[in-house]
Amino acid sequence: MTATYTVAGKTGPWEIVVGLEVHAQVISASKLFSGAAATYGGAPNTHVSLVDAAMPGMLPVLNGECVRQAVRTGMALGAQINRWSRFDRKNYFYADLPQGYQISQLYHPIVGEGALTVEPEGEEPKTIGIERIHLEQDAGKSVHDQSPTLSYVDLNRSGVALMEIVSKPDMRSPAQAGAYVRSLREVLRYVGSCDGNMDEGSMRADVNVSVRRPGEPFGTRTETKNVNSVRFIMAAVEFEAKRQVEVLEGGGTIVQETRLFDPDKGTTRSMRSKEDAHDYRYFPDPDLLPVELTDAFLSECEASLPELPAAKRTRFETVLGISAYNAAVLTADKDTADWFEALLATGVEAKRAANWVTGDLFGALNRLDKDIATSPVTPAAAGELLALSADGTLSGPLAKQVFEIMLETGEAPGAIVEARGLRQVSDTGAIDDAIQAILAANADKVAQYKAGKEALFGFFVGQTMKAMAGKASPAVVNERLKAALA
Amino acid sequence: MLTDLTIAAMQKGLRARDFSAVELADAHIAAVEAARPLNAFIVETPDHARAAAERADAALADGSAGPLAGIPLGIKDLFCTAGVQTTAASKILEGFVPTYESTVTAKLFADGAGMLGKLNMDQFAMGSSNETSAFGNVVSPWRSAGSNRPLVPGGSSGGSASAVAARLCAGATGTDTGGSIRQPAAFVGIAGIKPTYGRCSRWGVVAFASSLDQAGPMARDVRDCAILLKSMSGYDPKDSTSLDLPVPDFEAALTGDLKGLRIGVPREYRLDGMDPNIAALWDQGLAWLRDAGATVVDVSLPHTKYALPAYYIVAPAEASSNLARYDGVRYGLRVTPEGGNLADMYEATRAAGFGPEVKRRIMIGTYVLSAGFYDAYYIQAQKVRTLIARDFANAFEACDLLLTPTAPSAAFAAGDKSDPLEMYLNDVFTVPASMAGLPAMSVPAGLSPSGLPLGLQIIGPALGEAAVLNAGYAIERAAGFAARPDRWW
């Protein structure tokens with residue numbers, strides 16, 4: 001059991017309490033309430049429908065695919081799916097919020113309570129509660145750096161569907177917060193409901209932090225908005241906790257406020273206090289009917305869920321006999337798991353494949369500064385390589401040699417073997433000829449071996465392999481040498 | 001005169017080639033031009049009407065004409081019309097030209113109708129006298145006996161009412177949130193129906209209060225309303241609150257035979273101090289319905305007195321949010337104070353762009369939705385709304401339709417009601433059906449002692465438009481209402 005994370009203050013240790021609101025952009029062809037494309041980027045204001053621009057008389061129509069994605073995400077997190085939910089308007093004025101309100105779900109979210117078990121680095125696994133998931137519209141983007149006197153607005157993002165995934169205040173360390181976001185991102189990627197690209201802003205978090213003496217009730221929290229990397233989230237938690245301890249130990253009080261994270265300095269600064277907080281005047285959106293989910297819809301969502309990381313990991317261990325360590329590594333992200341499963345599909349033996357992927361492949365990718373998604377070797381090619389090893393065509397050293405050529409040229413292993421004659425030689429005649437020549441040329445060493453210096457066996461093997469240009473089957477060489485020296 | 005014809009008579013005359021659609025359009029275009037003192041139109045679109053007429057003549061010749069081929073209509077300025085300025089009678093949308101056509105107008109035009117222009121109205125449909133338009137008051141074609149004082153046409157569809165009553169257009173679109181079709185129809189002696197909520201698509205109609213807004217026709221008689229309503233109605237996937245149901249042939253339902261029908265008289269509508277002329281007309285209406293074969297039963301709608309206060313919470317609440325989009329950022333008026341920031345632009349734009357009544361309702365709506373008041377006002381009003389709907393549901397166990405007056409008085413003079421609360425009381429009979437989303441229509445039934453039209457309201461159960469129209473038709477036939485305003489303009 002590792003020690004509980006605390007912030008060491010002058011007056012003693014402080015415990016930290018963290019809750020995260022993760023905004024995840026839903027993968028869907030079109031926006032939450034309009035037919036405009038929901039794709040990232042594009043020239044400004046090219047993915048904007050009349051609805052997104054809030055032209056007079058325009059009405060929202062709910063995109064069923066976004067509902068499906070939210071429900072599937074909820075199911076993946078073991079959460080309660082609310083068969084009846086409703087959209088509310090969150091009213092506030094901003095230049096990139098065309099309607100003057102965001103359509104969201106305050107009172108009746110589509111997904112209720114769930115949980116996610118995470119494995120923070122250097123800590124015991126921990127289960128973090130999920131409070132709710134609701135669907136809402138993203139806002140557009142204000143651009144302030146194009147003109148000294150004007151701001152510009154890009155509405156491409158306006159109306160894109162977001163899932164807001166609200167955790168319970170269950171995290172107690174920066175590592176737990178980081179592990180939670182990483183695990184959540186993997187679940188979303190497995191489910192296919194969010195691409196999890198934090199640098200493109202398709203996943204970002206509002207970080208709620210408070211501190212307290214161990215055992216005391218929750219302190220006042222601050223909310224640091226729109227933090228967009230795991231590292232920054234951990235840094236924001238760490239900085240904010242330390243700042244709060246300093247304020248409290250200096251005799252001050254923490255005010256409930258919204259803060260901004262400065263990625264360059266790793267600090268947070270106040271954006272607005274509770275007194276300046278908006279009164280959002282939430283009320284049910286009269287343009288939309290409540291969302292009622294049918295049994296058939298829920299069954300379809302359930303059936304469409306892929307195997308999730310935890311289940312896959314268990315299966316790799318128990319069914320495929322892969323080591324616990326390798327199973328964890330191979331399921332840690334969806335791209336790796338998909339790649340490995342594609343490799344298994346070529347018919348290779350699972351344990352050997354796992355060792356090869358975590359050893360040879362990862363080593364090579366690391367060296368080439370690539371990841372699994374950009375691997376120069378496909379699962380099919382890797383399967384062929386492993387098959388050539390398994391059937392004795394390639395020896396271990398030959399397989400490594402072929403793999404290097406594959407990495408360099410992208411050629412298929414079979415073709416490499418044929419073109420370069422790298423096939424392992426098991427022809428006893430050729431091997432015997434080589435052995436006879438070596439024994440004849442080293443009669444003194446043969447005598448020493450026969451006198452009891454058995455360590456010389458390795459010398460004979462090496463010489464034979466050298467004579468065979470490395471292509472001889474080591475097993476055959478061993479066997480024929482022993483016979484020749486007997 | 002061609003402009004005196006009903007839509008049904010125009011259809012007949014056009015098909016018999018008694019006159020061409022172009023002749024019909026030109027007669028109306030001339031009438032519109034001659035009636036500018038009524039200020040019924042914000043924009044005149046003679047080209048639209050004439051082009052539609054030319055297409056109609058060709059279609060009539062080759063047998064491909066739609067049901068409304070060549071019928072010249074006025075369109076309330078709340079409907080977005082492609083290529084034609086749409087302002088909701090507001091300064092903030094002055095100069096706004098939509099690139100899109102509202103579903104309702106698109107349906108009317110697809111059936112062959114032409115547009116004579118965009119009709120003046122109360123700003124953002126907020127008002128009961130057409131005195132809140134940024135483009136000036138609409139004047140009623142009617143005058144009290146022996147008086148030249150300008151009278152209001154009612155509101156908010158006041159331009160529609162005046163134009164139809166003055167024979168400027170064959171019919172008009174209106175919208176009704178709390179009585180905005182029925183009350184002006186009653187004030188100018190025409191028929192108008194607000195259908196069941198969801199019957200007509202709201203897509204492309206500038207929103208006032210989304211849960212209440214419904215489009216509907218205003219025309220000189222019940223049959224014309226039935227003809228127009230059929231064209232305007234129907235499911236629209238672009239409006240999530242639109243009803244996915246077939247549209248009945250409303251005109252075919254007009255038999256005037258009410259045998260076996262039970263007409264309910266809600267006792268709560270018989271207000272203390274009710275105008276005796278209105279009360280007498282109501283009784284007369286019941287007698288006519290009896291003559292047509294109906295029986296009359298007393299019913300109770302116990303929560304009626306809460307309808308108006310609840311309406312003036314729900315409607316402004318929704319309006320305060322719906323009108324947030326008029327912010328000067330993307331279209332319409334933008335006022336940028338020198339050296340000001342975004343908030344300054346919002347404030348200056350909205351201060352200049354909205355009239356006093358619109359501002360009042362935005363403030364009321366913002367207040368009732370704000371933290372600490374939401375439960376006491378908005379939630380409470382929604383509960384009242386549920387009770388009102390239940391009242392109607394209970395009443396329709398005992399009867400098939402309800403008959404009430406449309407408005408508590410005849411038309412009044414412009415400027416007579418300066419107190420907003422007094423103005424709001426004009427909607428007392430129309431608001432409850434709106435709150436319950438029920439179909440209701442006003443038919444002209446008689447004249448006040450000063451010679452001004454008075455209307456009766458028929459309220460039906462959800463989707464009961466055909467029965468409502470048929471009862472209206474029976475009253476219309478019995479009343480033989482033939483009065484029309486003398487032309488003074």
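Numbered from 1 within each chain, the chains take letters A, B, ... in sequence-line order. Values below: every heavy atom of this structure, side chains too, minus hydrogens, waters and symmetry copies. Quick caveat: nothing in here was measured; it's all calculated off a predicted structure.
Contacts between residues 374-388 of chain B and chain A, defined by a heavy-atom separation under 4.5 Å, are made by B/Tyr374, B/Tyr378. Within residues 340-351 of chain B, the residues having any heavy atom closer than 4.5 Å to a heavy atom of chain A are B/Leu342, B/Tyr346, B/Arg350, listed by residue number. Interface with chain A: from residues 329-337 of chain B, residues B/Val329, B/Arg330, B/Tyr331 qualify, criterion being any non-hydrogen pair under 4.5 Å. Against chain A, the residues from residues 234-244 of chain B that qualify, each with a non-hydrogen atom under 4.5 angstrom away, are B/Pro237, B/Lys238, B/Asp239, B/Ser240, B/Thr241 in number order.
Other residues, nucleotides and ligands contribute more than 12 heavy atoms inside 6.0 Å of the NZ atom of B/Lys107. Other residues, nucleotides and ligands place no more than 12 heavy atoms under 6.0 Å from the NZ atom of A/Lys141.
Residues B/Thr99 and A/Met55 have side chains not in contact (no heavy-atom distance under 4.5 Å, counting atoms from C-beta outward). Between B/Pro98 and A/Pro56, the closest side-chain pair of non-hydrogen atoms is not below 4.5 Å.
For the set A/Tyr94, A/Tyr92, A/Tyr280, the entry with the most heavy-atom pairs within less than 4.5 Å of chain B is A/Tyr94. Looking only at heavy-atom pairs under 4.5 Å with chain A, the residue among B/Ala324, B/Ala371, B/Ser201, B/Ala209 that has the most is B/Ala324. When each of B/Leu78, B/Leu93, B/Leu212, B/Asn322 is scored by its heavy-atom pairs under 4.5 Å with chain A, the top score falls to B/Asn322. Taking A/Ala54, A/Ser151, A/Gly100, A/Pro284 one by one and counting their heavy-atom pairs under 4.5 Å with chain B, the maximum is reached by A/Ala54. The choice from A/Ala53, A/Pro98, A/Ala95 that makes the most heavy-atom pairs within less than 4.5 Å of chain B is A/Pro98.
Within the model, atoms CD of B/Glu318 and CZ of A/Phe283 stand 5.5 Å from one another, a figure rounded to the nearest 0.5 Å. Summarising the geometry, atom CG belonging to A/Asp287 is positioned 9.5 Å from atom OG belonging to B/Ser211; distances are rounded to the nearest 0.5 Å. Atoms OH and OG, from A/Tyr282 and B/Ser370 in turn, are 15.0 Å apart once rounded to the nearest 0.5 Å.
With a 4.5 Å cut-off on non-hydrogen atoms, B/Tyr100 touches chain A through its side chain but not through its backbone. For chain A, the nearby part of B/Tyr326 is the side chain; its heavy atoms alone come within less than 4.5 Å.
Shortest non-hydrogen contact noted between B/Tyr197 and A/Pro286 is OH-O, 4.2 Å.
Checked by atom type, the side-chain pair B/Ser321/A/Arg89 shows a donor-acceptor distance below 3.5 Å.
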